[in-house]
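Contents: one structure, followed by commentary.
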Amino acid sequence: MARSLVVAVAQLGPIQKSEPRALAVGRMIGLLERAHARGAGFVVFPELALTTFFPRHYHADRAEADVWFEQTMPSAETAPLFARARQLGMGFHLGYAELARAPDAAGQMRTRHFNTAILVGPEGDVFLKYRKVHLPGHAEFDPRRAVQHLEKRYFEVGDLGFPVIRAPLPGLDGVNLGMMICNDRRWPEAWRVLGLQSVELVALGYNTPSLNQEAGGFEAPHLRVFHSHLSIQAGCYQNACFAAAAAKAGVEDGCELFGHSIIVNPQGEIIAQASSWGDEVITADCDLDLCRLGRSTIFAFDRHRRPEAYGRITGQTGATDPPVWRRPGGDGGSSEK
Ligand code: CDT
């Protein structure tokens, strides 16, 4: 019998700086209900779904930015979303800014800030938490940019790795679920760590501007969408999994986010795509057993991977220069550096 799950992506249109969380949560409940009416058992909401994408705003005093963070989850404002999902028997994925009292690497209790996402089950249990690992942007105000991207200022690098959990979703005893947040999708290492845990469905939220401010805006907007889709499609194909990628879209605080939310199958094909820049639900009926083909043939990791040749992947961060070729016996000596 097919292991079938109707997956929904709930793309959110813009959330302006002045808009309260309650407004966003009301919109999300509306999207949840639309997804339910289409038979979905699981809904993916975007990265930092409760507020505007605040890393575009500079706070000289970092503590001022704490207004964008959630100290509890569910919070008073998000409790209605949890309650409605439970009533409808639906699971969901939610991205938010997390302010936690948690021990750091040295075991010291500290106030910590993360760009976080959770997977919530149909009975309201938090199955899994993930904290964004690849934080793009910069930590200080950059006068060359028309729009800031201060994720490195407001968040710490996630400390939970890339976990996967096998958890029940409507109609299924267990689905192997994992998460990524936005920029993570561009890094094949992240996909492979999930693939090595037999992930079947990757939930992923993003806020991606149409213009690359770092490059002075010269990167064409259609290439920004292409690179996003390329990364997700390649990740799904190479790791034999589905992905449900939910964008924030439209003009938010004067900055355009490109939307183009998608659902991708293990062949790397886009099987559903948003077409608006507003609140929109897309769904796809996902037969999770389709993950088996890639996993048992070309990407049978246990038979074909060669970790002994991959040392650089975990051994270094930046790229080194290769040795310069020199003709053997010539004046230049050997080709070794
Ligand atoms: N939110 C996020 O990670 N956005 C980045 C844009 C980076 S531009 C500094 C992304 O990779 O989509």
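We count ligands from 1, going down the list as the structure has it; atoms in each ligand are counted the same way.
Taking the six-membered ring where the residue is Trp, F92 and F45 present perpendicular rings, their angle passing 60° and hence far from 30°.
When the options R110, K132, R131 are evaluated for a salt bridge (Lys or Arg N to Asp or Glu O under 4.0 Å) with E156, the one that passes is R110.
Not a single donor-acceptor pair under 3.5 Å links the side chain of H59 to the backbone N or O of D61.
The side-chain tip of R185 points at the ring of Y206 from less than 6.0 angstrom away and within 45° of straight on.
Using a 4.5 Å heavy-atom cutoff, the side chains of Y96 and W68 are not in contact.
Residues lining ligand 1 at a heavy-atom distance below 4.0 Å are given as E47, F53, K132, P136, H149, E151, C182, N183, R185, R186, N207, T208, ordered by chain and residue number.
Pairs of residues two or more places apart, or lying in two chains, that qualify as side-chain hydrogen bond (donor to acceptor under 3.5 Å, both in side chains) and include a residue from residues 303-312 are R312-Q316.
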